[in-house]
Q: 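First, the structure itself, so that you have it in front of you.
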Protein chains: 2
Amino acid sequence: MNIQDVILGILCKQPHSGYEIKRHFEEYFSFFFDASFGTIYPTLSKLEGLNLITKEAVRQEGKPDKNVYTITEAGKEHFRSYLVQPAEKEVLRSDFLMHLYFGDMADEETMNTLLREGLQNKRDMYTDLEQKMNQLDGKLSPHQKLCIELGLVQYKAFIMKLEHVLESSGEGPAPS
Amino acid sequence: MNIQDVILGILCKQPHSGYEIKRHFEEYFSFFFDASFGTIYPTLSKLEGLNLITKEAVRQEGKPDKNVYTITEAGKEHFRSYLVQPAEKEVLRSDFLMHLYFGDMADEETMNTLLREGLQNKRDMYTDLEQKMNQLDGKLSPHQKLCIELGLVQYKAFIMKLEHVLESSGEGPAPS
DNA sequence: TAAAACATGTAAGTAGTTACATGATTCC
DNA sequence: GGAATCATGTAACTACTTACATGTTTTA
């Protein structure tokens, strides 16, 4: 998986500008993928050069003009070949877990802060994702809904485990 | 968090060669961090140049010689300053979820394979991690054990959700 | 009139991977 | 003698991020 595949996937459904693609990343799958404008725009140029998408300038009222990209038949074919490949290994990079792993070298105060902030952070992520699912409910395919639900159950498991640990460590109940 | 911090953290406990550091990555935290030899060796040279670690050639019997690196006081100080920083945002990159998200564009057979392979993959990861925890039980600090447990509960939640989905999709019970 | 949102793009740098290259030593 | 493991390193490349640069339009 690289950004090219993801952009082609988004454009399969309907044409979008680079700005809209970035919004799509944030709205629909920020929890398992992200990319910056610094990658999106050059990638769109590259895909256009490969004739996998075409560009069209669109004037807007009340907003600056935008470049809207449409996928070509070759682009769709390219995306289909991505889709039937086996999924690559999932990669997690967690600075929280790294801090926790080396926790014995830090003082108790630092570790308490780490755990509390880690817990609050996951609670916020859970709430955001849940809200997103409720807002988007009608627009989501069953597959897309499952994506979000898989995120939610994993967050929930993490939260419950950490709450349990904080509760039984003599710090009193973790505040909700 | 970058590789430098992680290597310094490992060397805080005891001196290691580059090869041993790679083994440590694989054994103790492959599920939330990884790095290749192509990064480890240049990073060790760089850390040595910064006087954060020192190198010593060690002859071994029955094995090739190795370069063993020891952390300096400056290196320890550097690592401590990493440890008290707030943890960076966790990053997940999941090709499985991306495939699932675009599932409507694939046929049923492809999606079934994806879900089954995704489930089996997580089950394998769960088993590996569980085995590791049991093997390492005596060597692990409570913090380190919690790291692994947080991994396990999240894997478990993913597995249970996917099993439930596969069971109720008329495909018969998912094989264990 | 300033901030926020919309919109596009580039340049420099970071942080890594993969593949290559080499060699010792052990075990089957 | 060949595979596996131990061991180190480099070169080319990939894939990004961050910061910079610019400009429009709306909203408070």
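The analysis underlying the following values was restricted to heavy atoms, covering all of them including side chains, and did not include hydrogens, waters or symmetry mates. Below, chain A is the first sequence line, B the second, and so on; all start at residue 1.
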Q: From D:dG23, C:dT10, D:dC6, pick the nucleotide closest to the side chain of A:P64?
A: D:dG23
Q: Compare the minimum distances between each of C:dT8, D:dA15, D:dT18 and the side chain of A:Y19, then state the nucleotide with the smallest one.
A: C:dT8
Q: Kindly determine whether B:I71 and B:L8 satisfy side chain to side chain contact (heavy atoms under 4.5 Å, CB included), including the steps that lead there.
A: CA-CA 7 Å; B:I71 195 163; B:L8 288 176; 3.8 Å; yes
Q: Check each of B:E26, B:E20, B:E27 against B:R23 using the salt bridge (charged side-chain N to carboxylate O under 4.0 Å, His left out) test, and report the only one that passes.
A: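 Between B:R23 and the candidates, salt bridge (charged side-chain N to carboxylate O under 4.0 Å, His left out) is satisfied uniquely by B:E26.
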Q: Atom CG of A:D34 to atom P of D:dT18: distance rounded to whole Å?
A: 10 Å
Q: Using a cut-off of strictly less than 4.0 Å, decide whether A:R23 has a side-chain nitrogen or oxygen near OP1 or OP2 of C:dA7.
A: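 It does not, given that no N or O in the side chain of A:R23 lies less than 4.0 Å from OP1 or OP2 of C:dA7.
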Q: Would a 4.5 Å heavy-atom cut-off, applied to side chains only, mark A:Y82 and B:H99 as touching?
A: yes
Q: Checking contacts here: which listed nucleotide (C:dT8, D:dT8, C:dG16) is nearest the side-chain heavy atoms of A:Y41?
A: C:dT8
Q: Rounded to whole Å, how long is the line connecting atom CZ of B:R59 with atom P of D:dC6?
A: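 Computing the B:R59:CZ to D:dC6:P distance gives 21 Å.
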Q: 5'-most contact on DNA chain D: A:F33 or A:G62, nearest heavy atom basis?
A: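 The residue closer to the strand's 5' end, by nearest nucleotide, is A:F33.
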Q: Among the candidates C:dA7, D:dC6, D:dT8, find the nucleotide nearest to the side-chain atoms of B:K63.
A: D:dC6
Q: Would you kindly give the CD-to-P distance between B:E88 and D:dT17, to the nearest whole Å?
A: 14 Å
Q: Considering only side-chain heavy atoms of A:S36, which listed nucleotide, D:dT17, D:dC6, D:dG9, is closest?
A: D:dT17
Q: Grab the CD1-P distance between A:I21 and C:dG9 for me, whole Å please.
A: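 To the nearest whole Å, that distance equals 11 Å.
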Q: Calculate the interatomic distance between A:D95 atom CG and C:dA15 atom P; express it in whole Å.
A: 13 Å
Q: Are A:K156 and A:Y126 in a cation-pi contact, defined as NZ or CZ under 6.0 Å from the six-membered ring centre and within 45° of the axis?
A: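 Judged by the rule (NZ or CZ under 6.0 Å from the ring centre, within 45° of its axis), A:K156 counts as positioned above A:Y126.
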Q: Could you tell me how far apart B:N2 (CG) and C:dA15 (P) are, to the nearest whole angstrom?
A: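 Spelled out: CG on B:N2 to P on C:dA15 is 6 Å.
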Q: Does NZ or CZ of A:K122 come closer than 6.0 Å to the centre of the six-membered ring of A:F158, within 45° of the ring's axis?
A: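 Positive - A:K122 is close enough to the ring of A:F158 and near enough to its axis.
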Q: Base, sugar-phosphate or nothing for B:S17? Non-hydrogen atoms, less than 4.0 Å.
A: sugar-phosphate
Q: To the nearest Å, give me how far apart CZ (A:F37) and P (D:dT17) are.
A: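 In whole Å, D:dT17 P and A:F37 CZ are 12 Å from each other.
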Q: Are any of A:Q60's side-chain N or O atoms less than 4.0 Å away from OP1 or OP2 of D:dT25?
A: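 So the side chain of A:Q60 is outside the cut-off, no N or O lying under 4.0 Å from OP1 or OP2 of D:dT25.
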Q: Grab the CD1-P distance between A:I3 and D:dC16 for me, whole Å please.
A: 5 Å
Q: Reading DNA chain D from 5' onward, which residue's closest nucleotide shows up sooner: B:G18 or A:Q4?
A: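 In this pair, the answer is B:G18.
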Q: Quick one: is C:dG16 close enough that its OP1 or OP2 comes under 4.0 Å of any side-chain N or O from A:R93?
A: yes
